[in-house]
Amino acid sequence: MAKYQMPKYVVATSNEIPPGESKIVEIGGRSIGIFNIDGEFFAIRNSCPHQGGPLCKGIVTGFLESPTPGTYNYTRKGEILRCPWHSWEFDIKTGQSWWSPTQRRVRKYEVQVESGEDIDASSSEREKGPYIADTFPVSVEQQYVVIEID
C-alpha cells in the first residue's frame with residue numbers, strides 16, 4: 001500500500017520572516033500564522049478556539065516568573081501568543097492553551113526549512129511524452145519555509 005504524503009506548501013523564503021517576526025498566509029481555505037522563534041519556524045491556525053478571534057494578530061510575549069518576592073525572571077520570550085480579543089494565551093511551539101491546557105489548544109502544523117533543490121514540483125505519476133525540451137542547469141540559492149497540511 002502506498003504511503004499517503006501530505007501536500008507541501010511553500011509559504012516564504014527563510015529570510016522573509018526574521019527571528020521574532022511572523023507572517024499570516026492563506027492555504028487551502030485556512031488562515032495560518034508562521035512564527036520564527038530564534039531561527040526555528042512554527043505554524044498555528046489563525047483562529048482562537050475560544051471565539052474564533054484572529055489569534056496570530058495578537059501580542060507575542062513570554063512569561064514573568066517570580067521564584068521569591070522581589071525577584072522576577074522574564075522567560076520564554078517570543079514563545080507565547082495572546083489573543084487580541086480576550087487575551088487567552090497559547091504556546092506557539094505546541095499550540096497548548098495556558099488557560100485550560102488539557103482541554104484547549106490551537107491547531108499546529110508541521111513546518112520545515114528546505115532548500116529549493118529539495119522541493120519537488122514534479123510528479124512521478126506523469127506520463128512521459130514523445131518530445132524532449134532543452135534543459136539547463138539551475139541552482140537554487142534560497143531556503144524556503146514549507147508547511148505540510150493534511
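Nothing fancy with the numbering, it's 1 onward along the sequence.
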Does any part of the side chain of Ile32, heavy atoms only, come nearer than 4.5 Å to the side chain of Ile147, both counted from C-beta? yes

Partner set under side-chain hydrogen bond (donor to acceptor under 3.5 Å, both in side chains) for Asn15, not counting sequence neighbours: Thr13

Which pairs count as ring-ring contact (aromatic ring centres under 6.0 Å, His included) when at least one residue sits in residues 56-77, sequence neighbours excluded? Phe63-Trp98

Once rounded to the nearest 0.5 Å, what's the spacing between atom NZ of Lys57 and atom SG of Cys83? 12.0 Å

Might you confirm whether atom CD1 of Ile24 has over 12 heavy atoms from other residues, nucleotides or ligands at distances under 6.0 Å? yes

Are the side chains of Val111 and Val146 in contact, using a 4.5 Å heavy-atom criterion? no

So Val145 and Val10, side-chain contact (heavy atoms from CB on, under 4.5 Å) or not? Walk me through it. CA-CA 6 Å; Val145 179; Val10 176; over 6 Å; no

Approximate separation, where rounding is to 0.5 Å, of Glu114 CD and Tyr144 OH: 11.5 Å

In terms of hydrophobic clusters joined by side-chain contacts under 4.5 Å, are Phe90 and Ile37 together? yes

Show every salt bridge (Lys or Arg N to Asp or Glu O under 4.0 Å) that has at least one partner inside residues 18-38, sequence neighbours left out. Glu16-Lys23

Transitively linked via ILVMFWY side-chain contacts under 4.5 Å: Ile59 with Ile34? no

Identify, with sequence neighbours excluded, every residue that meets side-chain contact (heavy atoms from CB on, under 4.5 Å) alongside Thr71. Pro67, Thr68

CD1 (Ile92) and OG (Ser22) are apart, to the nearest 0.5 Å, by 8.0 Å

Qualifying salt bridge (Lys or Arg N to Asp or Glu O under 4.0 Å) pairs with a residue from residues 67-85, counting only residues at least two apart or across chains: Arg76-Glu79, Arg76-Asp91, Glu79-Lys93, Arg82-Glu89

Pairs of donor and acceptor atoms involving the side chains of residues 39-49, under 3.5 Å and at least two apart or interchain, shall be tabulated with distances.
{"residue": "Asn46", "atom": "OD1", "partner": "Leu55", "partner atom": "N", "Å": "3.2"}
{"residue": "Asn46", "atom": "OD1", "partner": "Cys56", "partner atom": "N", "Å": "2.7"}
{"residue": "Asn46", "atom": "ND2", "partner": "Ser31", "partner atom": "OG", "Å": "3.0"}

Closest approach of Gly52 to Trp85 (non-hydrogen atoms, all atoms of both residues): C-CZ3, 4.0 Å

Nearest 0.5 Å, what's the OG-CZ distance between Ser97 and Arg104? 8.0 Å

